[in-house]
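Encoded as structure tokens, the structure appears first; notes follow it.
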Number of protein chains: 2
Amino acid sequence: MLLSKSCMYGLRASVQLAGMKGNTYVTIRELSEDLDISFFFLTKVLQRLTQAEILESYKGPNGGVRLLKHPGEVTFLDVVTAIDGSCTLSECALGLPGCGVMKPCPLHDQWSILKENILEMMQNVTIAELARRNSGKQGLDGFMYYLKI
Amino acid sequence: MLLSKSCMYGLRASVQLAGMKGNTYVTIRELSEDLDISFFFLTKVLQRLTQAEILESYKGPNGGVRLLKHPGEVTFLDVVTAIDGSCTLSECALGLPGCGVMKPCPLHDQWSILKENILEMMQNVTIAELARRNSGKQGLDGFMYYLKI
DNA sequence: ACATTTTAAGACACACTACTCTTAATTCTA
DNA sequence: TAGAATTAAGAGTAGTGTGTCTTAAAATGT
Ligand code: SF4
Ligand code: SF4
């Protein structure tokens, strides 16, 4: 699996938040129900996004989490690195000690291109764009489309 | 990490074997020392390749493992699937339940192309080709180049 | 002040990967 | 036939990711 489950959950939550009108606090309980993710686990994941200053949290009644930055300025990669650390793409094909550009493994030329493509996509796609693509499917809001039925 | 350690080790061993003259049995002990991999762990990994009929093993003195097929007919993907099962690429970006072509997630169009590129590379690159690219580096055989110095 | 709502933080269990070691089975050689 | 070499199979350990729960802290409203 390229991305960890924590990452996927964080992405789903971020996109869901980006797709909501206004930027009010949403409870993690509500998010977890909409996205069909364990409340306890999602709480842990979103704490990392809060620490990374991608989300902002507020305790107490009417509290919850919300996006701290404009969704157009938060990239797919931002969320992934906030959760999984500096990306799962650091090592790769043969995982040789001390490999790299100076000492490329026999797959490096091809592999580094593929890796670059993935990284580029992650850097170019914002959660605002994902939310936009995700809106208005069969009248169901956001990810409900996938989960219901 | 895209590939498991077991996979990387299996690939390194396969490429090393493909790069050797003749197709004689090589002891796992020797392979483990050349590739700087734990003997015990490499034994486990290579057992899977033997079960998958990519390698052939022979017990006793002068025994060891060797390639069963011609290295030009064993792809990168063959080795990966033999070890990690039907590939780490099955799920991906958002890992939504019931997603896919009919119900694409907001990243599917871009992501499926990247995924296809990786799969294509894995299917097109044989261990013979990797061994060829890996030969004759600074006079050191195969992966010794990376490990020594 | 007090009860309620909500996130934060930490402890815990489970599964899986990575790794280690022991024993059994097979084969060769003397 | 005895002993050494070698892989096969299985048990055991450590660490990490995933998931659950409990307690603490903060904010609200009465
Ligand atoms: S040489 Fe390049 S492709 Fe090969 S393992 Fe290192 S970073 Fe990856
Ligand atoms: S819709 Fe496509 S890209 Fe998205 S998670 Fe499913 S298979 Fe992956």
Side-chain angles (χ1 to χ4, degrees), chain A residues 1-13 17 24-33 35-68 80 82-88 90-91 94-95 97, chain B residues 1-13 17 24-33 35-68 80 82-85 87-88 90-91 95 97:
Chain A
M1 207 144 25
L2 184 60
L3 271 59
S4 68
K5 290 245 182 175
S6 298
C7 248
M8 296 183 194
Y9 295 167
L11 283 165
R12 277 156 69 178
L17 286 170
T24 58
Y25 288 108
V26 180
T27 65
I28 301 179
R29 174 73 59 185
E30 188 182 330
L31 279 174
S32 75
E33 282 165 8
L35 301 171
D36 196 33
I37 301 172
S38 144
F39 164 74
F40 294 119
F41 195 46
L42 185 60
T43 297
K44 284 284 169 221
V45 173
L46 296 192
Q47 274 170 23
R48 304 214 57 169
L49 293 183
T50 304
Q51 286 158 3
E53 297 187 327
I54 289 173
L55 298 184
E56 184 177 19
S57 69
Y58 202 81
K59 293 174 185 173
N62 308 317
V65 292
R66 70 179 181 193
L67 290 169
L68 184 57
V80 171
I83 294 172
D84 267 5
S86 53
C87 204
T88 174
S90 46
E91 281 183 3
L94 304 179
Chain B
M1 207 148 19
L2 184 60
L3 271 58
S4 69
K5 290 244 183 176
S6 297
C7 251
M8 296 182 194
Y9 295 166
L11 282 165
R12 277 156 70 179
L17 285 170
T24 58
Y25 286 108
V26 180
T27 65
I28 300 178
R29 174 72 60 186
E30 190 183 328
L31 280 173
S32 76
E33 283 164 7
L35 301 172
D36 197 33
I37 301 171
S38 144
F39 165 73
F40 293 118
F41 194 46
L42 185 60
T43 297
K44 283 286 171 222
V45 173
L46 297 192
Q47 274 171 24
R48 303 213 58 166
L49 292 184
T50 304
Q51 285 158 3
E53 298 188 325
I54 288 174
L55 298 184
E56 184 178 20
S57 70
Y58 202 82
K59 293 175 185 173
N62 308 316
V65 294
R66 70 179 180 191
L67 292 168
L68 183 56
V80 170
I83 294 172
D84 267 6
C87 203
T88 175
S90 48
E91 281 183 1

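Below, read A as the first sequence line, B as the second, and so on, with proteins coming before strands; counting in each chain starts at 1.
With rounding to whole Å, B:N62 atom CG is found 14 Å from D:dT7 atom C1'. One atom, CG of A:L49, and another, C1' of C:dT7, lie 14 Å apart when rounded to the nearest Å. Atom C1' of nucleotide C:dC16 and atom CZ of B:F41 are separated by 12 Å, given to the nearest angstrom. Atom C1' of nucleotide C:dC19 and atom CE of B:M8 are separated by 15 Å, given to the nearest angstrom. Across the protein-nucleic acid pair, B:Y25 atom OH and D:dT6 atom C1' stand 12 Å apart, rounded to whole Å. In this structure, CZ of A:F40 is placed 16 Å from P of C:dC12, rounded to the nearest angstrom. Across the protein-nucleic acid pair, B:D84 atom CG and C:dA18 atom P stand 8 Å apart, rounded to whole Å. Note: CD1 (A:I37) to P (D:dT20) measures 12 Å, nearest angstrom.
Residues A:S4 and A:D84 come closest through the heavy atom pair OG-OD1, 2.7 Å.
Minimum atom distance to the side chain of A:P61 is reached by D:dT28, of the listed C:dT7, C:dC28, D:dT28. Listed candidates were D:dA8, D:dG19, C:dT7. Nearest to the side chain of B:K59 is D:dA8. Which of C:dA18, D:dT20, D:dA8 sits closest to the side chain of B:S6 comes down to C:dA18.
No engagement by A:E56 is indicated, since no non-hydrogen atom pair under 4.0 Å with the nucleic acid exists. Across all strands, A:I28 comes closer than 4.0 Å only to sugar-phosphate atoms, never to a base (heavy-atom distances).
At the phosphate of D:dT18, neither OP1 nor OP2 sits under 4.0 Å from any side-chain N or O atom of A:Y9. Neither OP1 nor OP2 of C:dT5 sits under 4.0 Å from any side-chain N or O of A:T27. Dashed line: the shortest gap from a side-chain N or O of B:S38 to OP1 or OP2 of C:dT20 is under 4.0 Å. Contact between the side-chain N/O atoms of B:T43 and the OP1/OP2 oxygens of D:dA8 is not found at any separation under 4.0 Å. An OP1 or OP2 oxygen of C:dC28 is reached within less than 4.0 angstrom by a side-chain nitrogen or oxygen of B:Y58. Within the 4.0 Å cut-off from OP1 or OP2 of C:dA9, at least one side-chain nitrogen or oxygen of A:Q51 is found. Contact check, A:Q47 against C:dG10: no side-chain N or O comes under 4.0 Å of OP1 or OP2. Between A:S57 and C:dA8, a side-chain N or O to OP1/OP2 separation shorter than 4.0 Å is present.
Summary of helix geometry: the two end axes of the helix from C:dA1-D:dT30 to C:dA30-D:dT1, each defined by five base pairs via their C1' atoms, are inclined to each other by 10° (rounded to 10°).
Side chain A:K44 to base C:dA9: a donor-acceptor pair is found below 3.5 Å.
A heavy-atom distance below 4.5 Å is found between the side chains of B:V65 and B:L31. Counting heavy atoms from C-beta on, the side chains of B:I83 and B:L3 never come closer than 4.5 Å.
DNA chain C is contacted by both B:F39 and A:V65; A:V65 maps to the nucleotide lying nearer its 5′ end (nearest heavy atom per residue).
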